[in-house]
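Notes for the one structure printed next.
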Amino acid sequence: MAEVKKIVAVNASPRTGWNTDRLVREAEKGAQDIGCETHYFNLYKLEQYTGCRSCFGCMLEGHEGHCVVKDGLTPVLDAIRESDGLIIGTPNYFSEPTAAFRALFERLVFQYLTYERERVSSSTRKIPVLFIMTSNAPLHYYDRAGYTEIIDRVCGPIETHIGPVTRLIASDTLQVNDYSRYKWTYFDAEHKKERHEKVFPQDLLQANETAKRLFG
Ligand SMILES: Cc1cc2nc3c(=O)[nH]c(=O)nc-3n(C[C@H](O)[C@H](O)[C@H](O)COP(=O)(O)O)c2cc1C
């Protein structure tokens with residue numbers, strides 16, 4: 001009998017139950033629907049942690065592929081190392097993934113990176129990765145505002161050290177339930193609401209179906 005695949009789902013948004021989290025959860029559900037075992041982490045609910053501390057412990061013999069720092073991110077890094085697939089979602093904060101995403105990214109990737117001419121990575125197996133980003137900005141803004149390039153810079157090292165990345169962008173998201181409480185003249189509340197009701201469900205469906213395709 002084939003072994004049950006283990007999929008790690010990571011929410012790098014501080015808002016539980018909002019856009020990013022719902023997409024991560026839906027992708028996780030897609031994986032569960034096809035029989036995968038999943039493990040969900042909310043990066044904002046972990047014990048204290050930091051990004052890479054540049055201790056180079058992971059580059060010492062016997063430790064390669066293992067971040068030697070022990071903190072709140074350790075269970076996440078361990079789970080990803082043992083997994084057959086990764087779902088990771090982040091909102092766009094000032095054109096970039098969140099600080100929490102960044103901390104995990106630094107620790108996750110650097111533990112596999114080598115400074116050897118002969119090989120760039122110590123990782124011996126690759127797993128499919130679903131990278132989800134949500135943003136206020138609409139999709140057509142991504143190239144113009146440099147978002148695509150920033151995502152490339154994140155996804156490149158993930159491809160090298162973790163595995164092939166599939167991107168899912170959910171853009172022009174609903175940021176709050178009641179826009180009338182804020183003086184946000186920049187946004188058309190009706191448009192945001194309509195988009196949330198009509199387009200966001202399609203994004204959720206895409207998250208579910210992409211997970212099924214990637215982890216099946
Ligand atoms: C600190 C902060 C910075 C943000 N910067 C951007 C930005 O540069 N571009 C953008 O399109 N949206 C930006 N947003 C909006 C979020 O990316 C968007 O609302 C996202 O869908 C929120 O995800 P969530 O619903 O999972 O919290 C920002 C939001 C916050 C709180």
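The first residue in the sequence is number 1, and the count goes up from there. As the structure lists them, so they are numbered: ligands from 1, and atoms in each ligand from 1. Computed over heavy atoms, backbone and side chain alike; hydrogens, waters and symmetry mates excluded.
Taking every heavy atom of Trp18 and a limit of under 4.0 angstrom, the matching atoms of ligand 1 come to 25 (O). Applying the 4.0 Å criterion to heavy atoms of Arg15 picks out, from ligand 1, the atoms 24 (P), 25 (O), 27 (O). Close approach of ligand 1 to Ser13 (heavy-atom distance below 4.0 Å) involves ligand atoms 24 (P), 26 (O), 27 (O).
Between the side chain of Glu96 and the backbone N or O of Asn92 there is no donor-acceptor pair closer than 3.5 Å.
The shortest distance between side-chain heavy atoms of Val76 and Leu46 falls below 4.5 Å. In this structure, Tyr40 and Asn11 have side chains that are in contact, with non-hydrogen atoms separated by less than 4.5 Å.
Note: His39 and Phe41 meet the aromatic proximity criterion, with ring centroids under 6.0 Å apart.
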If you apply the rule side chain to side chain donor-acceptor pair (under 3.5 Å), what do you find for Thr16 with Asp21, and how did you get there? CA-CA 6 Å; Thr16 307; Asp21 194 34; 4.8 Å; no

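Remark: among candidates Tyr147, Phe94, Tyr93, the nearest residue to atom 9 (N) of ligand 1 is Tyr147, based on non-hydrogen atoms. Heavy-atom proximity to atom 25 (O) of ligand 1, evaluated over Asn19, Ile132, Thr16, Leu174, is greatest for Asn19.
Nearest protein heavy-atom contact of atom 15 (C) of ligand 1 is Gln175 NE2, 3.5 Å. What sits closest to atom 11 (O) of ligand 1 on the protein, heavy atoms only, is Ala137 N, 2.8 Å. Ranking the protein heavy atoms by distance from atom 14 (N) of ligand 1 puts Asn92 O, 3.1 Å first. Nearest protein heavy-atom contact of atom 26 (O) of ligand 1 is Thr20 OG1, 2.6 Å.
In Thr173, the part holding a heavy atom less than 4.0 Å from any atom of ligand 1 is the side chain.
Salt-bridge check for Glu209 with Arg213: failed, with every basic side-chain N at 4.0 Å or more from each acidic carboxylate O.
Around NZ of Lys193, the count of heavy atoms belonging to other residues, nucleotides or ligands within 6.0 Å does not exceed 12.
Taking any N or O of Thr134, backbone or side chain, at least one lies under 3.5 Å from an N or O belonging to ligand 1.
Asp172 and His191 form a side-chain donor-acceptor contact under 3.5 Å, judged by distance and modelled atom types alone.
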